Protein chains: 2
Amino acid sequence: MVDSNASIDTVFRALGEPTRLRMIQELSRGERTIGDLAEPLDMTLAGASKHIGVLEQAGLLTREKRGRERVCRLRPEALLAARDWTQKYSAFWNDRLDALDAAIREQDDE
Amino acid sequence: MVDSNASIDTVFRALGEPTRLRMIQELSRGERTIGDLAEPLDMTLAGASKHIGVLEQAGLLTREKRGRERVCRLRPEALLAARDWTQKYSAFWNDRLDALDAAIREQDDE
DNA sequence: GTTACTATCAACCATATGGTTTAGTATTTC
DNA sequence: GAAATACTAAACCATATGGTTGATAGTAAC
């Protein structure tokens with residue numbers, strides 16, 4: 001189980017925006033500058049910068065100053081936290097079946 | 001890989017709200033009526049109903065009319081789709097290591 | 001049939017969000 | 001040093017979101 005400093009709803013909220021999802025997908029292929037990310041989205045640098053800010057606050061990426069550019073790099077931890085959360089609550093049905101199994105087995109033992 | 005009728009960003013957006021996250025957690029323990037969900041959140045029925053609508057649209061739950069109540073039931077498919085997405089893009093680092101491995105192996109073969 | 005209960009709908013409100021533009025700060029290039 | 005590049009900050013705007021209240025509809029209970 002991985003934990004992120006940002007709370008899980010912040011991560012989900014950051015991901016709940018098509019533009020930012022595409023940024024994540026792009027970043028999954030490697031490091032990108034703000035300009036790299038803005039260009040295919042047909043968006044101003046300022047706009048892209050704000051989106052990156054949201055993703056950074058959610059812990060989904062880091063921004064490193066390199067010369068006059070900012071290089072963004074994906075941070076798997078936050079994505080893994082989201083995966084763990086969804087895994088946990090999508091498993092509820094299996095858990096309940098497991099509990100049912102256990103209850104039946106216990107009954108059989110009596 | 002599980003697919004949901006709602007697009008993945010809709011699922012994330014639905015989850016990106018603390019109130020709705022708590023509803024999901026509550027629902028993971030079993031079926032709940034709108035009233036059941038509204039009460040611990042100190043929220044009007046109308047407010048809860050709107051949240052449930054968002055979750056329903058995202059495919060995260062179903063609402064069934066039963067007498068004068070509506071019974072909500074979690075639908076794992078959407079959560080699994082979110083899990084798969086986050087899994088895929090959090091694995092980017094492993095993927096790149098795998099690619100590196102492959103490249104090195106190929107070099108060794110020459 | 002009347003009354004109470006559960007939920008939805010519509011209207012409304014305050015605030016958040018996603019975008020822009022304009023201006024400003026570093027940094028690189030010439 | 002001057003000009004161009006990459007980005008951020010601030011102000012602003014339109015729309016979305018999260019909540020309420022009040023009215024209405026269907027169901028249950030008496």
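Letters A, B, ... are given to chains in the order of the sequence lines, protein chains preceding strands, and every chain is numbered from 1. Computation of the quantities below employed the complete heavy-atom set of this structure, encompassing side-chain atoms and omitting hydrogens, waters and symmetry-equivalent molecules. This structure is a prediction, so every number in the text was calculated from the model and none was measured.
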[X] side chain N/O closer than 4.0 Å to the phosphate oxygens (OP1, OP2) of [N]?
X     : N      : answer
B:R66 : D:dT27 : no
A:T33 : D:dC7  : yes
B:S49 : C:dA7  : no

What is the distance, to the nearest angstrom, from the [atom1] atom on [X] to the [atom2] atom on [N]?
X     : N      : atom1 : atom2 : answer
A:M43 : D:dA6  : CE    : P     : 18 Å
A:E64 : C:dA26 : CD    : P     : 19 Å
B:Q57 : D:dA16 : CD    : C1'   : 14 Å
A:D42 : C:dG18 : CG    : C1'   : 15 Å
B:E39 : C:dT6  : CD    : C1'   : 14 Å
B:I52 : C:dT6  : CD1   : P     : 16 Å
A:R63 : D:dC7  : CZ    : C1'   : 9 Å

Quiz prompt | Separation of B:K88 NZ from A:R83 CZ (nearest 0.5 Å) | solution =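 Answer rounded to 0.5 Å: 15.5 Å.
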
Quiz item: Distance from A:M23 atom CE to A:I34 atom CD1, nearest 0.5 Å?
Solution: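 CD1 of A:I34 is found 7.5 Å from CE of A:M23.
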
Any heavy-atom pair between the side chains of [Y] and [X] that's under 4.5 Å?
X     : Y     : value
B:Y89 : A:L27 : no
A:E26 : A:L37 : yes
A:W85 : A:V11 : no

Quiz item: How would you label the contact of B:L45 with the nucleic acid (heavy atoms, under 4.0 Å): base, sugar-phosphate, or nothing?
Solution: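 Base, at least one base heavy atom under 4.0 Å.
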
Quiz prompt | B:R70/B:E56 ion pair, N-O < 4.0 Å | solution =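 Here B:R70 does not pair with B:E56 in a salt bridge, since their nearest N and O are not under 4.0 Å apart.
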
Between the protein and nucleotides 21-26 of chain D, are there any N/O to N/O pairs under 3.5 Å, and if so, what are the atom names and distances?
residue: D:dG26; atom: O3'; partner: B:K65; partner atom: NZ; Å: 3.4

